[in-house]
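Below is one structure, written out as structure tokens; comments come after it.
What you see is a predicted model; the values in this text were computed from it and never measured. Letters A, B, ... mirror the listed sequences (proteins, then strands); counts begin at 1.
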Amino acid sequence: MSKHILVVGGGLAGTMVANGLCRRLGNELRAGQVQITLLGTSDRHLYQPALLFVPFGLAGEENLFRSQRQVLDRRVVFHVDPARQIEAVTKKVTTEAGRVFDYDYLILATGSRLMPETVPGMVEGAHWFYDLAGARKLRSALQAFTGGRIVVNINVPHKCPVAPLEMTLMLHDYLTKRGLIDRTTLTYTYPIGRLHALEPVAHWCKPVLEQRGIQSETFFNTEWIDPVNQRITSMEGVTLDYDLLITIPPHAGMEVVSTSNLGRGGWATTDPKTLLHTVHKEIFVIGDTTNIPISKAGSTAHFETETVIANITALIQEGCWSHDYDGKVFCFLETGMEEGTYTWFNYVTPPRLGPPSQMIHWFRLAYNRLYWLSVKGLL
Amino acid sequence: MSERKVVDARDSFCPGPLMELIANIRLIEVGSELELLSKDKGSAEEVPAWLTKVGHQHISTEKRGDHWSIVVKRVK
């Protein structure tokens, strides 16, 4: 009897896992023993990491998108029809359009969403770059900026943990090149008692921020924003004045995860090694959707898909488990407009940070193009 | 009182135990407790310090072998 693999979510994680399964299960697909269906929210696939470059005019919008159908292997049955309800006990998914899909394996890759509306005043008073509309608006604000107080503000939880620091360092270079840095006060706020969640990054960036004259405020979790008087106040009782506020809004998982009782806040409860849902063992969870306490980042999703592809393939072909996920995460870190570095870590190997170089910066820019091969499973 | 939520951040280099606590305390109801597991010795000092700043309650900190168990209560 044919096995049906249903992928819910068409972002990096869902697309990569669907394509990878096609490559590994070619014979089974040809023989009609396996069918792969993907339910997405859009007919366009967005390469999210490039949004960092949009506010500085360094990424053309034509490079951000490809047709989701063209990015997906032709053997994947694709519907732009998001899941509305997941019945894990009966193994059925109902979509927004009312379709009902049965599954043998479900891959939950619904991702995360920005929730600026959960902080009073944030929608009215802040800019962000984690979606295209926000990145465009910030680009306009930066182009009109002539000096003043800029606050870069980070909220919890959020994906791509190095992007806010990259934004701050790139912003400093951008303002320097425009001759505005002497007329600007740049302040970076962070939710915990050091400047970055990754300890080596926090140690590295402290003197870097000081050398560049960037002020910092730790233990800063946003309570509310006063958009009229342009003030941001933290739960810890600190208020900062701003002329331009760049925020990383708090994130949440998708509502379908919560309403289907698969996890609070839209984060599905996930075993950190098997990547199986903690209750429903036919459901694999990948990417931002998990509640695993590791970075929500594209590389996390990438390495998780490798584990899930191997395990579903082994289960179908050999009836056994292949291997567990080791918690691997890799992050590029742009340290300005000309240099970059990187770090990687897993559940047992602590992160380390190499010295920034121009070569790594160029590799990061090259990866912005190589991504389109990576997501197809060719790299 | 609802069941105590456990956040196991023992293998979390990033975002780390305190960030996990900040994210998860919003997901429990006021009056509920959350237990944070951390291998980071800094958590035993950093977490109570943050709780004092924002007004949540520190219930207990206990060393258990290679990790710490820190229980907190959401009070607002």
Go through the atoms of [X] and report whether side chain, backbone, both or neither lie under 4.5 Å from a heavy atom of chain B.
X      : result
A:P250 : side chain
A:F345 : side chain
A:P161 : side chain
A:N346 : backbone
A:V348 : backbone
A:H251 : neither

Where is the tightest heavy-atom contact between [X] and [Y], given as atom of each residue plus distance?
X      : Y      : value
A:G193 : B:E46  : N-OE2, 3.4 Å
A:M235 : B:V54  : CB-CG1, 3.8 Å
A:I192 : B:M19  : CG2-CG, 3.7 Å
B:F13  : A:T349 : CE1-O, 3.5 Å
B:A9   : A:P293 : CA-CG, 4.1 Å
B:E20  : A:I294 : OE2-N, 4.3 Å

If you count heavy atoms of other groups shown closer than 6.0 angstrom to [atom1] of [X], is the number above 12?
X      : atom1 : result
B:E45  : CD    : no
A:K206 : NZ    : no
A:E255 : CD    : no

> Just how far is it from atom CZ of B:R26 to atom CG of A:N221, taken to the nearest 0.5 Å?
Replying inline: 6.5 Å
> For B:C14, which of A:S295, A:P351, A:C331 qualifies under side chain to side chain contact (heavy atoms under 4.5 Å, CB included)?
Replying inline: A:S295
> Should B:D11 and A:I292 be marked as a side-chain contact (heavy atoms from CB on, under 4.5 Å) after you check the CA-CA gap, both sets of side-chain angles, and the distance that decides it?
Replying inline: CA-CA 10 Å; B:D11 293 321; A:I292 301 174; over 6 Å; no
> Of all of A:P350, A:G265, A:G327, A:P157, which one pairs up most often with chain B through heavy atoms under 4.5 Å apart?
Replying inline: A:P350
> Is it the backbone or the side chain of B:K39 that comes under 4.5 Å from a heavy atom of chain A, or both, or neither?
Replying inline: neither
> What part of B:D8 is in contact with chain A, defined as an atom under 4.5 angstrom from a non-hydrogen atom: side chain, backbone, both or neither?
Replying inline: backbone
>> One pair to check against side-chain contact (heavy atoms from CB on, under 4.5 Å): B:L18 and A:F219. What are the steps and the verdict?
In response: CA-CA 10 Å; B:L18 180 53; A:F219 279 131; 3.8 Å; yes
